[in-house]
Each structure stands twice: as C-alpha cells, then as structure tokens.
Amino acid sequence: MSDRAVLHVKGRVLVGPDDVRDELWVVDGRTTYERPSGARDIRTVAGWAVPGLVDAHCHVGLDTRGPVDEATSEKQALADRDAGTLLLRDAGSPSDTRWIDDRDDLPKIIRAGRHIARTRRYIRNFAHEVEPGDLVALVAQEARRGDGWVKLVGDWIDREAGDLTACWPRGDVEAAIAEAHRLGARVTAHCFAEVALRDLVEAGIDCVEHATGLTGDLIPLFAERGVAIVPTLVNIATFPDLAAGAETKFPRWSAHMRRLHERRYDTVRDAYDAGIPVFVGTDAGGSLAHGLVADEVAELVKAGIPPLEAVSATAWSARAWLGRPGLEEGAPADLVVLDGDPRVDVRVLAAPRRIVLNGRVVG
Ligand SMILES: [Zn+2]
C-alpha cells in the first residue's frame, strides 16, 4: 500500500450516536480505523464526521408533471448529494433510474418501484393506476423491479365523497402485503388521513409515509408492531396552501387537510414518545426541491424529538433500518464532515464542510 491516495478524517468521528473516535482513514474507497502503513499521498479533512445522510422518502426521476429525462434525474441526485444525502429511499418513481447504480459519484438509491394507486386516485402520471383485483399482480411486479420496497397509495381524495378516503379494500391489501413479503420486499403506503391506517397496520404494513392521520387509538398498535413512519414535515407544511386552493370545490377535504396540518407536531411527538420508529424523509421530487434533509431534521426537533434522535433518524438508525452500513470498519466511505456536533445543534447539517462518497471528496 505504498503510493495509494489516502484520506485522513480527523476531529470527532461519530461512528454511532455514542461511539465517538478521533480519526478514520479512507483507503480504496472504504472506511478503516487502522492507519495505512506507508501511505504517502495523504489528504486530511477535519471536523465532525457522520455517516452519509439518509433521505428515506424522496423521488428521483419525477417532477410535478411525471417522469423526467436522465439529465434532470442526474440534477436531482446531485442536489441530494451536495446536501450530504448519500443514501436515498426512493418512494416511487415512474422513471428507470437503474443507471444511477453505475455512477459512483451519485448517491446510492433503494427503490420502491413505481407508486401503485387506485384508478384516478393520485397525481396524474405518477403511478400505476389499478383496481383492487389487479393489486397483487402489480405489487409482485414492482417488488421485482425495486430494491426491497413497494409503495402503495393508501388514501387520496375521493371526488364524490369530497374528502380523503381509503383506496383499497382490506382483503386486497392483505393479499398484496403478503405477496410483497413472500418476495422479500417491505411495503409502505402514502397516508394523509386516519381512515386507511387500521387496515394497513393489521394487514402487516412495514411503514407509513406522512402518517398525519395517526391518532391515539392506533399509536400503540404501530409501536407494538414496529411500523415506522416517515412524516415528511417539510411537505406537510404545504397543506394550508393546498387546502386554500381547493376550498370552493372540496370544502370538507380542505378542512380535513388543515386539521391534519395543525396537529402535525403533536402527531409526530406522540408517535415518537410511544416508541414508533421515525425517519427523515423530504418527499423531494413531486413538488419539493431535492436536498432538504437538514430542514426536515430541524422540523423533527421542532416537533419535540431530541436532537440526537433526529440526527439518528437521518444517520445511524436510518441506515440500520434500511440495512445499509454506516461508518463501520470496511464499509464504503460515505460520510459528511460538519463544522460542529449535530447532536448538540442540528443546524450544522445544513452546511456540510466536506462530503465524501465512495471514498472521494465530492463537495
Ligand atoms: Zn412522495
């Protein structure tokens, strides 16, 4: 190992929330805590190092109108990367972004295939739109296309009812979740309202996105079964505008969205207090910009989650939940170097000093 380029990260390395070391080395793109012998070309980076941040709910290859071309997808992935977000769980995309896996300068992506929605019950051009009889087949198809996740749209406005209603009958959703599990995929569902949650959790769902309708009667069941939530509070912040825009046509829906928005912080804190796993997701790609992960962490803190836990929700615990390594010996060197201790002040996440992806300094 004589003339190899080596990166030396020193200062404070947060291997875990309570496991702090003084330095790490990057050799051949991987993390090591053993000083490489005979290394000559050493570059040093100093600061507070944490594992590459996780956005557990974003969309690459999608914008407000539907699928986008590869150049736009690349820009989205770069915006995430430049915010220090080096692991994405893509919560549904109509584009084939598999080519990103061959680019070691772009974040790693865990895909959930394409959204599966009920006919005319989601944003146009986003989802496969099917009737309940076809749900199991579509879930099997997307489980095979994705990276271990499937995404359902669990509730949406029903224009006849003028309000959010559940999208799937209980029996079909049970069969669909069982099929995904048989194929080794976990299932998550978009849910704004209260109404679909009991069927989904009792049917064995693994995660709920947004989860604004999670109330006291269901929180213990979510906690008991370890069903995670990804609140996407930076997206929930848009509810009042959405409500105002639909006030005349759908007054009940608008009022409902406002109520969900008003109690959003209580919902998240009650879920956290009960032991429900909560993770950072921004919902970038539909209408929001990519790279908002620090804003979402700040929102979780505002909701009452302790800073250390809010950081963990985009770092250590998020990676463990997704089955990806952090900064352990031999892991790909994906890390972010910050100006200060994020466990004390999460605002340092907003301006990373250095970003290292696959062992290379990329920002
Ligand atoms: Zn989304």
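Note that ligands are numbered from 1 as they come in the structure, with each ligand's atoms numbered from 1 the same way. Numbering of residues begins at 1 and proceeds along the displayed sequence.
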Does [X] pair with [Y] as a salt bridge, N-O distance under 4.0 Å?
X: Asp90; Y: Arg111; result: no
X: Asp158; Y: Arg120; result: no
X: Glu131; Y: Arg118; result: yes

Problem set entry | Name of the residue among Glu299, His190, His57 meeting side-chain contact (heavy atoms from CB on, under 4.5 Å) with Thr232 |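 The option that passes is His57.
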Problem set entry | the Zn ion (ligand 1) reached by His59 (N, O or S, under 2.8 Å) |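 Yes, His59 qualifies, because one of its backbone or side-chain N, O or S atoms lies under 2.8 Å.
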Exercise. Got an N, O or S from His115 under 2.8 Å of the Zn ion (ligand 1)?
Worked result: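 Of the N, O and S atoms in His115, none lies under 2.8 Å from the Zn ion (ligand 1), which means no.
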Problem set entry | Proximal heteroatom of Asp283 relative to the Zn ion (ligand 1) (N/O/S) | OD1
